[in-house]
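These notes are about the structure you will find just below.
The first residue in the sequence is number 1, and the count goes up from there.
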Amino acid sequence: MIGRADFRDREPAMDNVNRFETKTTHAVARAEWALGLTAVAVVAILHLDAISWPAFIGLFLVIDLIGYIPGAIAYRRNRDHRISKGYYVAYNVMHSFLTAGAIAAVWSLVFGPEWALLALPIHLCGDRALFGNTMKPFGISFEPVKHPEFDAFDQAFGRARV
């Protein structure tokens, strides 16, 4: 286990070797996602009359119906909150822009391109901007619970110079 003293005199960093974020870097990332959310929401608003609302709602909901709801139910049903890694995989797959792009491509081939597809980036940008949600690593709780080692890191870097 890493102790707090190990972090105290180091500068916060996030790169391909140090894959963690401080509160500040996470807030900046959320602000960037908020800009993306604003952009796709504006495009949707400009095309409100052209959006197929049943398709929009279905595309918006499918991400959580497959990727979040089953894991959330399993998490709440299990007393120790341990759930299969499959729920994490389902969440990460469905909350990926790669999957959203594949869904949009298949949808466009089958039904044709349409403005309702904006539901996909609106959902994903909204999750990241409004809730701060990103991919779920296997080593943390499926639902937000601060990991003790991350808490130590967060406290130490909260005092570090930025």
Side-chain angles (χ1 to χ4, degrees), residues 14-16 18-154:
M14 169 103 175
D15 53 38
N16 66 329
N18 303 290
R19 295 174 310 274
F20 46 73
E21 293 182 299
T22 63
K23 289 179 182 181
T24 302
T25 57
H26 188 66
V28 171
R30 288 181 71 178
E32 290 179 345
W33 286 114
L35 181 62
L37 174 61
T38 302
V40 292
V42 166
V43 173
I45 290 167
L46 292 173
H47 296 91
L48 280 177
D49 58 336
I51 292 175
S52 164
W53 289 103
F56 183 97
I57 292 166
L59 288 162
F60 188 90
L61 292 176
V62 73
I63 294 170
D64 282 342
L65 289 174
I66 295 172
Y68 173 68
I69 302 293
I73 291 169
Y75 178 88
R76 284 166 180 76
R77 283 188 174 170
N78 195 337
R79 286 184 186 193
D80 68 359
H81 300 301
R82 289 181 174 207
I83 61 173
S84 166
K85 290 181 180 179
Y87 293 113
Y88 289 79
V89 171
Y91 181 93
N92 291 340
V93 167
M94 291 307 296
H95 286 82
S96 166
F97 278 91
L98 297 172
T99 302
I103 291 170
V106 170
W107 184 282
S108 295
L109 289 172
V110 174
F111 302 108
E114 62 178 294
W115 294 110
L117 291 167
L118 288 171
L120 299 168
I122 287 172
H123 183 124
L124 297 177
C125 288
D127 274 0
R128 287 164 171 79
L130 302 174
F131 305 115
N133 294 340
T134 58
M135 298 294 173
K136 292 188 181 290
F138 293 145
I140 64 167
S141 172
F142 188 81
E143 292 291 1
V145 175
K146 193 170 255 191
H147 192 284
E149 289 185 28
F150 182 79
D151 192 38
F153 156 78
D154 200 26

Taking only residues two or more places apart in sequence or in another chain, which ones pass salt bridge (charged side-chain N to carboxylate O under 4.0 Å, His left out) with Glu143? Arg76

Could you give the distance from OG1 (Thr38) to CD1 (Ile122), rounded to the nearest 0.5 Å? 10.5 Å

Donor-acceptor under 3.5 Å (Ser52 side chain, Ala116 main chain): no

Quick check: do Cys125 and Phe97 have side-chain heavy atoms less than 4.5 Å from each other? yes

Ala104 backbone acceptor or donor facing Ser108 side chain under 3.5 Å: yes

Rounded at 0.5 Å granularity, tell me how far NE2 in His147 sits from OG in Ser141. 10.0 Å

Within this structure, what is the CG-OH distance for the pair Leu61 and Tyr68, rounded to the nearest 0.5 Å? 14.0 Å

So, Tyr88 side chain and Ile140 main chain: donor-acceptor pair closer than 3.5 Å or not? yes

So do the side chains of His123 and His95 get within less than 4.5 Å of each other, counting heavy atoms only? yes

Once salt bridge (charged side-chain N to carboxylate O under 4.0 Å, His left out) is applied, do any residues pair with Lys85, and if so which ones, sequence neighbours excluded? none

Does a side-chain heavy-atom distance below 4.5 Å link Leu48 with Trp115? no

Tell me every residue that passes side-chain contact (heavy atoms from CB on, under 4.5 Å) with Ile66, counting only those two or more places apart in sequence or in another chain. Val62, Met94

Between the CG atom in Leu124 and the CD1 atom in Ile63, the distance rounded to the nearest 0.5 Å is 4.5 Å

Backbone of Ile69 reached by a side-chain donor or acceptor of Asp64 within 3.5 Å: no

Can you tell me if Arg30 uses its side chain to pair, donor with acceptor, with the backbone of Leu130 under 3.5 Å? yes

Hey, does Leu118 have a side-chain heavy atom less than 4.5 Å from the side chain of Phe60? no

Here the gap from Asn92 atom CG to Thr134 atom OG1, rounded to the nearest 0.5 Å, amounts to 8.5 Å

Atom CH2 of Trp33 and atom CG of Asp127: how far apart are they, to the nearest 0.5 Å? 10.5 Å

Report yes if the side chains of Phe142 and His81 come closer than 4.5 Å at any heavy-atom pair, otherwise no. no

